[in-house]
Amino acid sequence: MSDNKKLTDSGIEIKQLYTPEEIAGLKSLSTDLPGQFPFTRGVQEDMYRGKLWTMRQYAGFSTAAESNKRYHYLLNQGVSGLSVAFDLPTQIGYDSDHELAEGEVGKVGVAIDSIEDMQTLFQGIKLEEVSTSMTINATGFILLAFYVALAKQQGGDLKKITGTIQNDILKEYAARGTYIYPPKPSMRIITDIFEYCASDLPKWNTISISGYHIREAGSTAVQEIAFTLSNGKAYVKAAIEKGLDINVFGKRLSFFFNAHNNLFEEVAKFRAARRMWAGIMKDLGATDPKAMMLRFHTQTGGSTLTAQQPLNNISRVTLQTLSAILGGTQSLHTNGYDEALSLPTEEAARTALRTQQIVAFESGVPDTVDPLAGSYFVEALTAEVEMAAKQLMDKIDAMGGSVSAIEEGFMQDEIARSAYDYQRQIERGEKIIVGVNKFQVNSDTHFPLLKVDDTIRAEQIARIDSLKSNRDPAKCDQLLQQLNDKASSSENIMPTVIEAVEHKCTLGEIADELRSVYGEYK
């Protein structure tokens, strides 16, 4: 074997030259068309010629009022969808006045404790006119309730409200850690959301099954899609067991993937994932082609950004943007060049958005559907990524599916091993990271950083105190007891959660009520 052997980050060998021989056995090449099963080439016939991807910028920090200013700024700069980042206490079900929230309020996202915070967050923004993505999992049902309650207050038609909650708890157990309840009750809450949205919020994407955080934790591209699609299968099976129609809820499933620097492996990953998911849904009983489509949001790779020479990150994000667009994403968030150092400043967020706009309007990349189709290399690599991912999924199926594989620690161990191997390659100089282990400079260049003031916790506590002094405590107690009763039965909890937030119950109170029923996952 030549010393010049080249491998992708997933360990797939790259040949020096690709010829028609490499793709001779791929029957799909002559039959695959965009907008048709198995959707290898995209979920729309005309892709970006008909409508560009949604340009989202993930934002949220400090208080709802501060984040609202950033949303108005981004909307004025040309974003076509909002994407909300929540702080850690909000993600794990604690109000800002909880002792465990100290030091974390507003740091990695916005603090949302109540319906009043949600009103402030979207002040001056009509929910009927904007698509909102919320990166929230364990407390996703509560944030959705806040959003629905606010839409109703605005006089919005719930049938027209569009957006996504991440709502993917399995990847929290496998890779990220912001879970509250054990797996089985968590899955029950998710299927309650599916059921509620199918009847009351038909255009809402009820889950964004996330490979992003699996990749951020150190997985390879192959592991990212294998674990994500396995989790997707688990959610679909849980919904079918609840008696939901796969052809209805299947249309509201969406996915969330990462985009890293290996351009061709990333494009192959996106194409393979679409083809695999179409087959999985068909095997599970879907007959409507729309329920077999894998629609996905992409975020550029946070873990690929370097604190050294931060402006190099603009080039990395541009590469990753190209991989997402060439791979057929439905929406995209581009990271700021300063995100290895802090939350993005306004300038960095604007530059990140401009990266998308330059690709959209100056590059010619969106002018034709799936422009890399038919490339000997890309088609062969798509097939190799699919084959490797299927082998991993077969192992997970043999364990009894994702929940069992997570409970046995299989996914966690595989991700940890990949992360360790990658780090060792960097340390040995086998993998070059520009500006980190090669082409370093001795420079003290300082960038303006976005700092979140610790005093905002006091502001949030004052807001909570004011809220609680202006509500009907007996009604709140009654609704929390009603939620407890429903959680203990098989009745859908969502209508009661919505009513509770409308009567000013806080996020922490609702999360605690379910803690008393389900306990916490350790």
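Note that the numbering runs from 1 along the sequence shown for the chain.
- The ring-ring contact (aromatic ring centres under 6.0 Å, His included) check on Y196 picks up nothing, with sequence neighbours excluded.
- Under the 3.5 Å distance criterion, with hydrogens and angles disregarded, a donor-acceptor pair is assigned to the side chains of T300 and N335.
- For R354, the side chain to side chain contact (heavy atoms under 4.5 Å, CB included) partners are Q77, R350, Q357, not counting sequence neighbours.
- Remark: R176 does not engage E216 in a salt bridge, criterion side-chain N to carboxylate O under 4.0 Å.
- Side chains of T220 and R215: a donor-acceptor N/O pair is absent below 3.5 angstrom, by distance only.
- Donor-acceptor pairing under 3.5 Å is lacking for the side chains of Y179 and S186.
- Under the 3.5 Å distance criterion, the side-chain polar atoms of T329 are matched with a main-chain donor or acceptor of F296.
- Under 4.0 Å is where a charged nitrogen must lie from a carboxylate oxygen, and between R417 and E414 at least one such pair does.
- Contact check for K242 versus D192: side-chain heavy atoms found under the 4.5 Å cut-off.
- Of the possible donor and acceptor atoms, one in the side chain of N68 sits under 3.5 Å from a partner among the backbone N and O of Q123.
- With salt bridges taken as basic N to acidic carboxylate O contacts below 4.0 Å, none links D97 and R457.
- When atom types are taken as modelled, the side chain of E520 and the backbone of P182 share no donor-acceptor pair closer than 3.5 angstrom.
- Side-chain atoms of D87 never come within 3.5 Å of backbone atoms of V108 as a donor-acceptor pair (strictly under, hydrogens ignored).
- A salt bridge links E224 with K269: the closest approach of a Lys/Arg side-chain nitrogen to an acidic carboxylate oxygen falls below 4.0 angstrom.
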*Mind running side-chain contact (heavy atoms from CB on, under 4.5 Å) on Q153 and E502 for me, showing each step along the way?*
CA-CA 9 Å; Q153 285 178 5; E502 286 174 331; 5.6 Å; no
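- Judged purely by atom type and a 3.5 angstrom limit, S254 has no side-chain atom pairing as donor or acceptor with the backbone of N205.
- In this structure, Y521 has its ring center closer than 6.0 angstrom to the ring center of Y173.
- Between F249 and F194, the two ring planes are parallel [angle under 30°; tilted spans 30° to 60°].
- In summary, the side chains of T178 and E172 do present a donor paired with an acceptor at a separation below 3.5 Å, with no hydrogens or angles considered.
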_If you apply the rule side-chain contact (heavy atoms from CB on, under 4.5 Å), what do you find for D117 with L121, and how did you get there?_
CA-CA 6 Å; D117 287 336; L121 187 66; over 6 Å; no
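- In this structure, a donor-acceptor pair under 3.5 Å is absent between the side chains of N258 and E266.
- Inspection of the Q57 and Y71 side chains reveals no N or O donor paired with an N or O acceptor under 3.5 Å.
- Environment of CD in E407: crowded, with over 12 heavy atoms of neighbouring residues, nucleotides or ligands closer than 6.0 Å.
- Residues K290 and N247 bring no donor and acceptor atom of their side chains to less than 3.5 Å of each other.
- For the residue pair Q330/T54, the side-chain donor-acceptor check at 3.5 Å is not satisfied.
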*Report the C-alpha distance between F86 and Q91 in whole Å, list the side-chain angles of each, state the deciding distance to 0.1 Å, and finish with yes or no for side-chain contact (heavy atoms from CB on, under 4.5 Å).*
CA-CA 6 Å; F86 297 96; Q91 292 181 48; 4.2 Å; yes
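- A donor-acceptor contact closer than 3.5 angstrom is absent between the side chains of N312 and Y337.
- Side-chain atoms of Q223 and S418 include a donor-acceptor pair closer than 3.5 Å.
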_Walk me through whether K475 and E499 qualify under salt bridge (charged side-chain N to carboxylate O under 4.0 Å, His left out)._
CA-CA 10 Å; K475 183 66 178 173; E499 196 180 348; 3.8 Å; yes
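- Between the side chains of D485 and Q482, no donor-acceptor pair is found at a separation under 3.5 Å.
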_Worked check of salt bridge (charged side-chain N to carboxylate O under 4.0 Å, His left out) between E509 and R471_ = CA-CA 14 Å; E509 289 170 331; R471 67 180 189 181; 2.8 Å; yes
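- Using a 4.0 Å cut-off between charged side-chain N and carboxylate O, E116 and K468 make no salt bridge.
- For the residue pair S210/K171, the side-chain donor-acceptor check at 3.5 Å is not satisfied.
- F257 and F255 have parallel rings, their planes meeting at less than 30° on a 0 to 90° scale where 60° marks the start of perpendicular.
- Q481 contributes no side-chain N or O that, together with a main-chain N or O of Q478, makes up a donor-acceptor pair within less than 3.5 Å.
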